[in-house]
There are 2 protein chains.
Amino acid sequence: MMRSSMDECTREVLETVPSVMRVIRNELRKHRAQELSVPQFRTLNFLSRNKGASLSEVAEHIGLTLPSMSTLVDGLVTRNFAVRRTHPRDRRRVTLELTDRGHMILRSARDATRDYLAQKLESISLEDRSKVAESMRILRSIFAERAA
Amino acid sequence: MMRSSMDECTREVLETVPSVMRVIRNELRKHRAQELSVPQFRTLNFLSRNKGASLSEVAEHIGLTLPSMSTLVDGLVTRNFAVRRTHPRDRRRVTLELTDRGHMILRSARDATRDYLAQKLESISLEDRSKVAESMRILRSIFAERAA
DNA sequence: TATTGTTATACTCTATAACTATA
DNA sequence: TATAGTTATAGAGTATAACAATA
């Protein structure tokens, strides 16, 4: 009984998450103007809410290794979406911050993707939407990224 | 009111799905014995339930282009997880089928990943689990892959 | 001609290993 | 020595374009 509800849930998650993920990725990619990969998008998003975060902090939250995140950030800095600064007290650390342009790009990528998702979600009931939103919160509480 | 429930839902989906996706991918990768990428895993899964599917059918379901799927399948065939056959009536078509080894690999990858997910899901209530499972079904009904 | 699939090629993302700079 | 980050290098995954075979 417990067992079967568990199996059902894992099966559904394994089936659905990759599928939705691909849709999100493709949608983001369509709006080529922004030129953002999903992890870049998430990084901008994180930085917009965590101004001055260090590279390690971002890497941990997004779930990338430090070298990978360093490279990813390169791409953001090169295109002037973010700036690297040296931490005032610990000169080993890098603090990251969005530029105005970064904020704009984030907003437009987010809007485009949200619009698309919102359009998809319009076909389900209000009740189902709140169910989905709640389930997302539940999942996030379990799968929140920790140190790799 | 409608609007805000929509925004909340899209925000949650955009935040959560990539995060859970990364956990799944990393988990699958940990069990290196299987050497399966997420799309390969999904492909084996699809073929186990759709014996004799054509390359196009699989590509459409997984959400890859035909060339990409062709390459992916190469990897499965080379390692003897699947076989390519020619369709008896239309020699342009390829029909795909798992080998015994493919079934075994799929089962062991699935078990390992399921066990991991199941362990994670143990920390939430039975009620929450069924909520999550239902939400997955709802999302799948909206995001089911169609022709690219 | 239209359809199904493959091959050629290139690019993005990511990891591990080795390194630099600061603490 | 330990920590924060970067650079070098390599491999996986995917796309687009060009091609081959069959209908």
Side-chain angles (χ1 to χ4, degrees), chain A residues 18 21-30 32 34-44 52-79 82-97 145 147-148, chain B residues 18 21-30 32 34-44 52-79 82-97 145 147-148:
Chain A
M21 185 64 201
R22 177 159 297 277
V23 171
I24 293 176
R25 190 186 305 127
N26 287 341
E27 190 55 25
L28 211 50
R29 192 172 285 161
K30 252 188 232 161
R32 264 287 175 209
Q34 283 83 30
E35 296 272 338
L36 292 178
S37 69
V38 171
Q40 283 176 333
F41 174 74
R42 293 181 70 208
T43 300
L44 292 183
S54 73
L55 192 69
S56 301
E57 284 163 352
V58 185
E60 182 180 321
H61 179 263
I62 303 295
L64 287 183
T65 61
L66 216 44
S68 297
M69 185 48 77
S70 181
T71 306
L72 185 155
V73 167
D74 271 348
L76 298 177
V77 170
T78 300
R79 288 176 295 169
V83 287
R84 273 190 253 239
R85 292 218 182 80
T86 303
H87 191 282
R89 301 223 186 104
D90 184 343
R91 295 179 49 205
R92 292 172 304 181
R93 283 202 208 173
V94 159
T95 63
L96 298 166
E97 209 170 306
E145 308 275 352
Chain B
M21 186 64 203
R22 177 158 299 277
V23 171
I24 292 175
R25 189 184 305 126
N26 287 342
E27 191 55 25
L28 211 50
R29 190 171 287 160
K30 251 188 232 162
R32 264 286 174 209
Q34 284 83 29
E35 295 272 339
L36 291 178
S37 68
V38 172
Q40 283 176 333
F41 174 72
R42 293 181 70 207
T43 299
L44 291 183
S54 73
L55 192 68
S56 302
E57 285 163 352
V58 184
E60 182 180 321
H61 180 263
I62 303 294
L64 287 184
T65 62
L66 216 44
S68 297
M69 185 47 78
S70 182
T71 306
L72 185 155
V73 167
D74 271 348
L76 297 177
V77 170
T78 301
R79 288 176 295 169
V83 287
R84 272 191 253 240
R85 292 218 182 80
T86 304
H87 190 281
R89 301 222 187 106
D90 184 343
R91 295 179 49 205
R92 292 171 304 182
R93 283 203 208 173
V94 160
T95 63
L96 298 166
E97 209 171 307
E145 307 274 353

Selected nucleotide, minimal atom distance to A/R93 side chain, candidates D/dT7, D/dA4, C/dT14
D/dA4

Which nucleotide in the set C/dT22, C/dG5, D/dA23 lies at the smallest distance from any side-chain heavy atom of A/R92?
C/dT22

Taking CG from B/L55 and P from C/dT7, how many angstroms apart are they, rounded to a whole number?
11 Å

In whole angstrom, give the distance that lies between atom CG of B/N26 and atom P of C/dC13.
17 Å

When rounded to the nearest 0.5 angstrom, what distance separates CZ in A/R79 from CD in A/Q40?
5.0 Å

Interatomic distance, A/L66 CG vs C/dA17 C1' [rounded to whole Å]:
14 Å

With a sphere of 6.0 Å drawn around CZ of B/R84, does it hold more than 12 non-hydrogen atoms of other residues, nucleotides or ligands?
yes

Residue whose closest nucleotide on DNA chain D lies nearer the 5' end, B/T65 versus A/D90:
A/D90

Side-chain N or O of A/R22 closer than 4.0 Å to phosphate OP1/OP2 of D/dT14:
yes

A/L96 CG to D/dA4 P, straight-line distance once rounded to whole Å
14 Å

Shortest non-hydrogen contact from A/M21 to B/P18?
SD-CA, 3.6 Å

Check this one for me: any side-chain N or O of A/S68 less than 4.0 Å away from OP1 or OP2 of C/dA15?
yes

Whichever of A/R84 and B/V38 has its nearest DNA chain D nucleotide further upstream toward 5':
A/R84

Rounded to whole angstrom units, what separation is found between the CD1 atom of B/I62 and the P atom of D/dT14?
10 Å

Whole Å only: how far is the CZ atom of B/R25 from the C1' atom of C/dA15?
13 Å

Is any side-chain nitrogen or oxygen of B/R91 closer than 4.0 Å to OP1 or OP2 of C/dG5?
no

Measuring from the side chain of B/T71 (C-beta onward, heavy atoms only), which nucleotide among D/dT14, C/dT14, C/dT6 has the closest atom?
D/dT14

I'd like to know whether A/H61 forms a side-chain contact (heavy atoms from CB on, under 4.5 Å) with A/E57, so could you lay out the CA-CA distance, the side-chain angles of the two residues, the decisive distance to 0.1 Å, and finally the verdict.
CA-CA 6 Å; A/H61 179 263; A/E57 284 163 352; over 6 Å; no

Kindly compute the distance separating CE (A/M69) from OG1 (A/T71), expressed to the nearest 0.5 Å.
10.0 Å

Could you tell me how far apart B/E60 (CD) and C/dG5 (C1') are, to the nearest whole angstrom?
15 Å

In whole Å, what is the span from the CG atom of A/D74 to the C1' atom of C/dT12?
14 Å

Could you tell me whether the phosphate oxygens of D/dG5, OP1 or OP2, come under 4.0 Å of any side-chain nitrogen or oxygen in A/S56?
yes

OP1, OP2 of D/dG13 versus side-chain N and O of B/S37: anything below 4.0 Å?
yes

